[in-house]
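Values in this document were obtained by computation on a predicted structure and should not be read as measured data. Side chains are part of it too, since the values below use all heavy atoms of this structure and drop only hydrogens, waters and symmetry mates. Here, residue 1 is the first one in the sequence, and each next residue gets the next number.
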Amino acid sequence: MNNPQTQNNPPENIDLRMRTLRTLWFALVMSVGMYYVLTLFNGPGENARPNNTLSLAIIAIGITTVFVSLFIKSKLLSRAIDQRQVGMVQQAYIVGLAICEVPALLGMIDHFVTGNPYYYVPLIIAVVGQLLHFPRREHVEQAAFKRSGF
């Protein structure tokens, strides 16, 4: 039988969405690697002064933003599934991944402003957060197809 939901979202469209999501995910993970490479070629600023309090605050903010990104993504995904909007699944992942970029950017700021030798810790936090946001096919399928149930 032909299900109207299947006709609107054939498996090819789901495969295309997954390729797009995974390409975006890979690009954003690689951007954190590029930030690290940038810090290797550019040393701390000339006026860099060590500030352990700032460095610890940056790490705390980085961990917090990863947790916030997971919360926001889960809320957006549940809304996308409830409304059966496949495009919102992609938005949920992009928002989560973009928020996970914050610790990496703060780590770069820590490197250039304070010269902290452990500036790479926020970059690692960002990568771990992005690994937690790896796109899952089930989210796209749940938003694309009507769930059977009572």
Exercise. Can you get from L105 to M34 by hopping between Ile, Leu, Val, Met, Phe, Trp and Tyr side chains that sit under 4.5 Å apart?
Worked result: no

Exercise. Do L106 and I99 sit in the same hydrophobic cluster, where Ile, Leu, Val, Met, Phe, Trp and Tyr count as joined when their side-chain heavy atoms come under 4.5 Å apart?
Worked result: no

Exercise. Mind checking what makes side-chain contact (heavy atoms from CB on, under 4.5 Å) contact with Y118, not counting sequence neighbours?
Worked result: N116, Y120, V121

Seminar exercise, completed: Connected to L24, directly or through other members, by ILVMFWY side-chain contacts below 4.5 Å are I94

Exercise. With sequence neighbours left out, what residues match P135 under side-chain contact (heavy atoms from CB on, under 4.5 Å)?
Worked result: M18, L21, R22, W25, Y93

Exercise. What distance separates S31 OG from L38 CG, expressed to the nearest 0.5 Å?
Worked result: 11.5 Å

Exercise. Is F134 reachable from I72 through a run of hydrophobic residues whose side-chain heavy atoms are each under 4.5 Å from the next?
Worked result: no

Exercise. Does the side chain of L123 reach to within under 4.5 Å of the side chain of P103, using non-hydrogen atoms?
Worked result: no

For this session: Check side-chain contact (heavy atoms from CB on, under 4.5 Å) between Q91 and all other residues, then give those that pass, not counting sequence neighbours.
Result: M88

Problem set entry | Verify same cluster id: I124, L28 (apolar side-chain graph, 4.5 Å) | yes

Problem set entry | Single hit among V102, I59, V32 for side chain to side chain contact (heavy atoms under 4.5 Å, CB included) with I125 | I59

Exercise. Should V140 and V86 be marked as a side-chain contact (heavy atoms from CB on, under 4.5 Å) after you check the CA-CA gap, both sets of side-chain angles, and the distance that decides it?
Worked result: CA-CA 6 Å; V140 177; V86 179; 3.9 Å; yes

Problem set entry | Pairs involving residues 57-72, ordered by first then second residue, that meet side chain to side chain donor-acceptor pair (under 3.5 Å) (sequence neighbours left out) | S69-H133

Problem set entry | Rounded distance (nearest 0.5 Å) linking atom CD of Q83 with atom CD1 of I81 | 11.5 Å

Exercise. Does any non-hydrogen side-chain atom of K73 lie less than 4.5 Å from one of V95?
Worked result: no

Exercise. Excluding sequence neighbours, so at least two apart, what forms salt bridge (charged side-chain N to carboxylate O under 4.0 Å, His left out) with R79?
Worked result: none

For this session: Could you tell me the separation between the CG atom of L56 and the CG atom of D110, rounded to the nearest 0.5 Å?
Result: 9.0 Å

Problem set entry | Heavy-atom side-chain contact between Q130 and E101 under 4.5 Å | yes

Exercise. What is the minimum heavy-atom distance between V89 and A143, and which atoms define it?
Worked result: CG2-CB, 3.5 Å

Problem set entry | Nearest atoms (heavy-atom pairs only) where S55 meets T114 | OG-OG1, 3.9 Å

Problem set entry | Non-neighbouring partners of E138 that pass side-chain hydrogen bond (donor to acceptor under 3.5 Å, both in side chains), sequence neighbours left out | R136

For this session: Could you state whether L77 and L70 fall into the same hydrophobic cluster, counting links through intermediate Ile, Leu, Val, Met, Phe, Trp or Tyr residues with side-chain heavy atoms under 4.5 angstrom apart?
Result: no

For this session: Apply side-chain hydrogen bond (donor to acceptor under 3.5 Å, both in side chains) to S78 and list each qualifying residue two or more places apart in sequence or on a separate chain.
Result: none

Exercise. With sequence neighbours excluded, what pairs up with H111 under the side-chain contact (heavy atoms from CB on, under 4.5 Å) test?
Worked result: T39, P44, Y119

Exercise. Which residue pairs pass the ring pair (Phe, Tyr, Trp, His ring centres under 6.0 Å) test when at least one of the two sits in residues 27-73, sequence neighbours left out?
Worked result: none

Exercise. Are T20 and Q90 close enough that a side-chain donor and a side-chain acceptor fall under 3.5 Å?
Worked result: no

